[in-house]
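Below is one structure; the comments refer to it alone.
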Protein chains: 2
Amino acid sequence: MFSKTCEYAIRAVLFIAQKSEDGSKVGIREIAKGIDSPEHFIAKILQDLSRKGLVQSQKGPSGGFYLDKTSLHATLADVVRVVDGDKIFSGCALGLKQCSEIKPCPLHHEFKKIREDILRFLQSAKLGEFNRQLEQDLFFLKR
Amino acid sequence: MFSKTCEYAIRAVLFIAQKSEDGSKVGIREIAKGIDSPEHFIAKILQDLSRKGLVQSQKGPSGGFYLDKTSLHATLADVVRVVDGDKIFSGCALGLKQCSEIKPCPLHHEFKKIREDILRFLQSAKLGEFNRQLEQDLFFLKR
DNA sequence: ATAAAAAAGGATAAAAAAGTCTTTTATATT
DNA sequence: AATATAAAAGACTTTTTTATCCTTTTTTAT
C-alpha cells in the first residue's frame with residue numbers, strides 16, 4: 001500500500017507529534033527506538049520531510065526534531081503525498097496510464113470508491129490527533 | 001497497491017478469459033500485445049499462474065493459454081493471493097508485524113474497513129465476468 | 001520422421017527501493 | 001572562543017523488483 005519509506009515516515013511523524021506537544025524536541029536516536037526503525041534510514045527520511053517543511057528541526061545540543069503549530073495540523077495525506085506522491089490517490093490499480101472515467105480498466109469504478117475512502121480518511125487525520133491514544137497505549141507505533 | 005507483476009497478471013488473465021470464452025487459446029505474443037506488457041516478463045508470470053493452476057496452457061502448434069471452466073470461476077482475489085500473497089488483505093498499513101485489534105497502529109481501524117472493501121470486491125469478481133464489457137470497449141486492458 | 005510452434009526453465013541484467021556509513025555544518029553550552 | 005552535540009548532506013552498498021535473453025522440452029501438423 002505505502003512504500004516502506006512512507007510507513008516509517010508516518011510512524012516517525014506521529015511519534016514526533018506526540019513528543020512535541022509540550023514543546024520538546026526529540027533526537028534521531030530516540031525516534032528510531034520509539035518506532036523501531038533503522039536509525040540512518042529514518043534520519044534520511046526526516047531530512048526530506050524537513051526540507052519540505054512537514055517537520056521542523058534544530059541542530060546542535062538540545063536540538064532535535066519537532067512539529068510546530070502548522071505541522072501539527074498537517075494531515076497524513078500531506079505526509080503520504082510528500083513521500084509516495086499521489087499515485088495511491090489517483091493511480092490505476094492495473095497500472096494503466098490512461099485509465100479514467102471514459103477509458104476505465106475493469107477495476108476502475110470499484111477502486112475509485114476505495115481510493116476516495118483512503119483519501120477521505122488520510123485528509124481528515126491531523127498529525128496531532130493521535131497523541132492521546134498513543135499516550136494511553138491504545139495505539140502503537142512499533143513491533 | 002499491487003506489484004507490477006500482479007497488475008500484469010490480472011490484465012493477462014482477464015485478456016485470456018475473454019479470448020477463451022469460445023474455447024480458443026491464445027499465445028504469449030498476442031497476450032503481450034493485447035495488454036501492452038513485456039513479452040518475456042508476462043511469459044514468466046503466466047508460467048507461474050499455470051503451475052498454480054489458475055490458468056491452463058498447451059504446448060505445441062495451435063497451443064497457447066486458456067482458462068477452463070473452473071478457472072473462469074476463479075476470482076481476482078485468487079490471482080492477487082497467488083501473486084502478491086495476502087499482505088494486501090491482512091498486512092498492517094504501517095508495516096507493524098504485530099498490529100491487530102488488541103495492539104493496533106493508528107491507522108488500523110480505518111484501514112480494516114478499507115481492506116475489507118477491497119477483499120469483498122476482489123472475491124466477488126470472477127475472471128469471466130468482464131468479458132462482455134471488454135468486448136464492447138467499456139473496459140480496457142492496455143495503455 | 002520431421003519441422004514448426006509454443007510453453008518451460010534457467011541465467012543474467014537493469015532499475016528501483018531500502019539501508020548504511022562518513023563527513024560537514026550549525027548551534028547551544030561551557 | 002572552544003567544545004560537544006545534533007542534524008544535514010552525500011556517497012556508497014545491498015536487496016528486491018522488474019525485465020531480458022537464450023536454451024530446452026513438449027506438442028502438433030505435415
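Proteins come first, then strands; the chains are lettered A, B, ... in the order of their sequence lines, and each starts at number 1.
Across every strand in view, D:dT28 sits in a pair with C:dA3 that passes the Watson-Crick or G-U test at under 3.5 angstrom.
Regarding B:K25, its NZ atom lies at a distance of 12 Å from the P atom of D:dT27, rounded to whole Å. C:dT27 atom P lies 7 Å from atom NZ of A:K59, rounded to whole Å. Nucleotide C:dA18 holds its C1' atom 14 Å from the CG atom of A:D48, rounded to whole Å. Rounded to an integer number of Å, the gap from CD of B:Q47 to P of D:dT18 is 17 Å. Straight-line distance from the NE2 atom of A:H40 to the C1' atom of D:dC12: 13 Å, rounded to whole Å. What separates CD of A:Q58 from P of C:dA26 is a distance of 14 Å, to the nearest Å. The interatomic distance linking B:I28 (CD1) with D:dT26 (P) rounds to 18 Å, in whole Å.
Nucleic acid contact for B:E39: none, since no nucleic acid atom lies under 4.0 Å from a heavy atom of the residue. Using a 4.0 Å heavy-atom criterion, one finds that B:V26 contacts the sugar-phosphate atoms exclusively. Using a 4.0 Å heavy-atom criterion, one finds that A:L46 contacts no nucleic acid atom at all.
Taking the side chain as every heavy atom from C-beta outward, A:Q133 and B:P106 never approach each other to under 4.5 Å.
Expressed to the nearest 0.5 Å, how far CD of B:E30 lies from CZ of B:F15 amounts to 5.0 Å.
Taking side-chain N and O atoms only, A:Y8 has a distance below 4.0 Å to OP1 or OP2 of C:dG19. B:R51 has no side-chain polar atom (N or O) that falls below the 4.0 Å cut-off from OP1 or OP2 of C:dA7. Under 4.0 angstrom from either OP1 or OP2 of C:dA8 there lies at least one side-chain N or O belonging to B:S57.
Applying the 6.0 Å contact sphere to NZ of A:K103 captures more than 12 heavy atoms from other residues, nucleotides or ligands.
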